[in-house]
Protein chains: 2
Amino acid sequence: MATSAGAAALDLPPRPIDPPSVVQLAADAIRSMILAGELRPGDRLVEERLTALFGISRPPLREALRLLQHEGLVVRAARRGAMVAPLSEQDVHEIVTLRHAYERLAIELGVPVLDPSRLERCREALQSMADAAHRDDRAALVEASFSFHLAVVALAGHRRLEEAYRSLYFQMRLCMALNTSIRTERYETLQDNVERHRRLLELIERADQEAVLAELQSHGDTTFLAQVQGQTTCPGKVG
Amino acid sequence: MATSAGAAALDLPPRPIDPPSVVQLAADAIRSMILAGELRPGDRLVEERLTALFGISRPPLREALRLLQHEGLVVRAARRGAMVAPLSEQDVHEIVTLRHAYERLAIELGVPVLDPSRLERCREALQSMADAAHRDDRAALVEASFSFHLAVVALAGHRRLEEAYRSLYFQMRLCMALNTSIRTERYETLQDNVERHRRLLELIERADQEAVLAELQSHGDTTFLAQVQGQTTCPGKVG
DNA sequence: TGTTTGAATATTGTCTACAATCTACCATAA
DNA sequence: TTATGGTAGATTGTAGACAATATTCAAACA
């Protein structure tokens with residue numbers, strides 16, 4: 001491994017090697033299973049079974065479960081084990097309202113944009129979205145939309161906000177993962193979805209904070225709330 | 001332990017016994033040490049030393065450190081250990097802006113108050129504050145003020161918001177724990193502090209959301225921001 | 001038939017021990 | 001003097017084992 005002195009001698013930027021821990025890998029694997037619908041809200045997450053599945057020991061698996069608990073994807077009860085977090089209407093309400101508060105704060109602090117590299121990151125994410133829509137690849141569009149929203153929140157340069165938003169977004173994706181029935185109804189084309197996000201980015205580029213906030217107000221919530229029909233699932237909005 | 005059937009036979013409400021885990025106790029102990037100033041930002045938290053100090057094994061101690069990491073009081077780097085979270089101006093800025101966003105959301109969702117028991121909880125906390133001020137007990141006032149603010153946020157009946165606010169509040173208390181120098185300057189008397197909170201509660205009771213938001217806007221932030229002077233510490237505002 | 005008790009099984013919580021990695025220090029070579 | 005290599009000690013990461021607790025089921029009792 002090159003030391004920083006070595007990197008300076010080579011005139012290269014540091015490129016730290018950062019092998020993921022078993023804890024991180026296990027958490028990532030479980031999160032993927034949850035978001036892919038392999039594990040559903042209420043499903044038990046039995047430590048012994050997961051350790052057998054992943055071929056790891058229990059202490060790091062327990063740490064992974066705590067990570068996921070912190071992200072809101074898993075609930076644990078002392079001495080009774082863990083399960084995938086259930087989703088009630090109240091949960092959906094909380095997720096949506098909190099998401100809105102985070103986005104609002106991000107725009108209040110981040111628009112006008114102080115650092116052009118942050119804006120560039122939004123543009124790259126939008127381009128990824130456009131590419132995915134062009135390929136008619138919905139899954140890639142979901143991923144790129146996630147990146148776009150993270151990049152918008154990152155405009156504020158507020159690490160705590162970004163971390164909180166990221167955890168919350170996983171919970172939103174869990175809502176979306178449950179909507180296989182509604183998923184088949186297309187509320188908008190992939191292209192329209194991209195254009196909606198492009199409009200948001202244009203307002204950000206214009207540094208029109210009020211307009212951005214207004215656009216975010218209608219970006220999902222109003223249409224979302226109209227779709228809350230006593231279901232415990234979250235209707236599909238890609239972004 | 002009485003089962004729920006047993007409780008029904010005795011006509012008593014359930015009274016679950018819930019022994020704290022070693023993980024919880026260790027996290028509580030470390031948090032207390034941090035908030036009491038025994039551990040300062042940047043101090044290393046060496047697992048082997050903490051296990052010796054507490055007389056517990058390392059895996060649950062590691063789980064405790066992860067809990068504290070999620071609360072923002074501790075930072076960990078893979079394979080390099082943990083330390084008490086450093087506090088820069090940026091950290092202070094993040095804590096304050098995020099706190100404001102949480103409080104704002106709580107008031108937007110929680111005022112007018114839908115559940116009178118939530119309001120009663122605010123009143124009890126304010127009474128505890130008044131009692132503490134009467135006894136000239138600043139430490140108790142800090143605790144009661146914490147309870148008051150949690151109770152205000154709890155008006156919204158939004159569990160995610162409460163949990164997020166609680167973690168953030170520990171970080172604010174870490175800021176305050178550093179202000180021993182400024183602590184000796186009394187920006188207001190304890191009585192004035194209580195009155196300030198009483199005024200906030202009165203506005204809440206009047207269900208005047210706009211007024212509450214305006215009062216919160218001036219509750220700490222404006223005076224706080226005037227005190228940011230290139231210090232990496234957070235000036236003292238009890239509440 | 002409904003309730004209680006006891007035993008077996010499943011699972012969680014924590015401990016001990018080993019492996020891997022990092023840091024500090026010293027000796028040697030350029 | 002600076003850079004490199006090697007070693008020892010400190011610390012973190014994880015595996016495996018034991019203890020404690022919860023759940024389930026069957027038998028006994030009212």
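Model, not experiment: these values are computed from the prediction. Chain letters run A, B, ... following the sequence lines, proteins first and then strands; every chain starts at 1.
- When the side-chain nitrogen and oxygen atoms of R66(B) are compared with OP1 and OP2 of dT12(D), none of them lie within a distance under 4.0 Å.
- Contact check, R79(A) against dT12(C): no side-chain N or O comes under 4.0 Å of OP1 or OP2.
- Dashed line: the shortest gap from a side-chain N or O of R80(B) to OP1 or OP2 of dC22(C) is under 4.0 Å.
- In terms of the salt bridge (Lys or Arg N to Asp or Glu O under 4.0 Å) criterion, residue partners of E94(A) (sequence neighbours excluded) are, by chain and number, R160(B).
- Near DNA chain C, defined here as any heavy-atom distance below 4.0 Å, the residues from residues 46-62 of chain B are I56(B), S57(B), P59(B), P60(B), listed numerically.
- Partners of F170(A) by ring-ring contact (aromatic ring centres under 6.0 Å, His included), not counting sequence neighbours, listed by chain and number: F146(A).
- Using cut-offs of 30° and 60° on the angle between ring planes, the pair Y165(B) and H149(B) is parallel.
- Along DNA chain D, the nucleotide nearest P19(B) and the nucleotide nearest P20(A) are compared for position; the residue whose nucleotide lies closer to the 5' end is P20(A).
- Listed by first and then second residue, the salt bridge (charged side-chain N to carboxylate O under 4.0 Å, His left out) pairs involving residues 169-178 of chain A are E143(A)-R173(A) (not counting sequence neighbours).
- A heavy atom lying under 4.0 Å from DNA chain C marks the following residues of residues 21-31 of chain B, by number: S21(B), V22(B), V23(B).
- Applying the salt bridge (charged side-chain N to carboxylate O under 4.0 Å, His left out) test to every pair with at least one member in residues 24-35 of chain A, sequence neighbours left out, gives these pairs: D28(A)-R31(A), R31(A)-E71(A).
- Ion pairing between a basic and an acidic side chain is recognised when a charged N comes within 4.0 Å of a carboxylate O; R159(A) and E162(A) show no such pairing.
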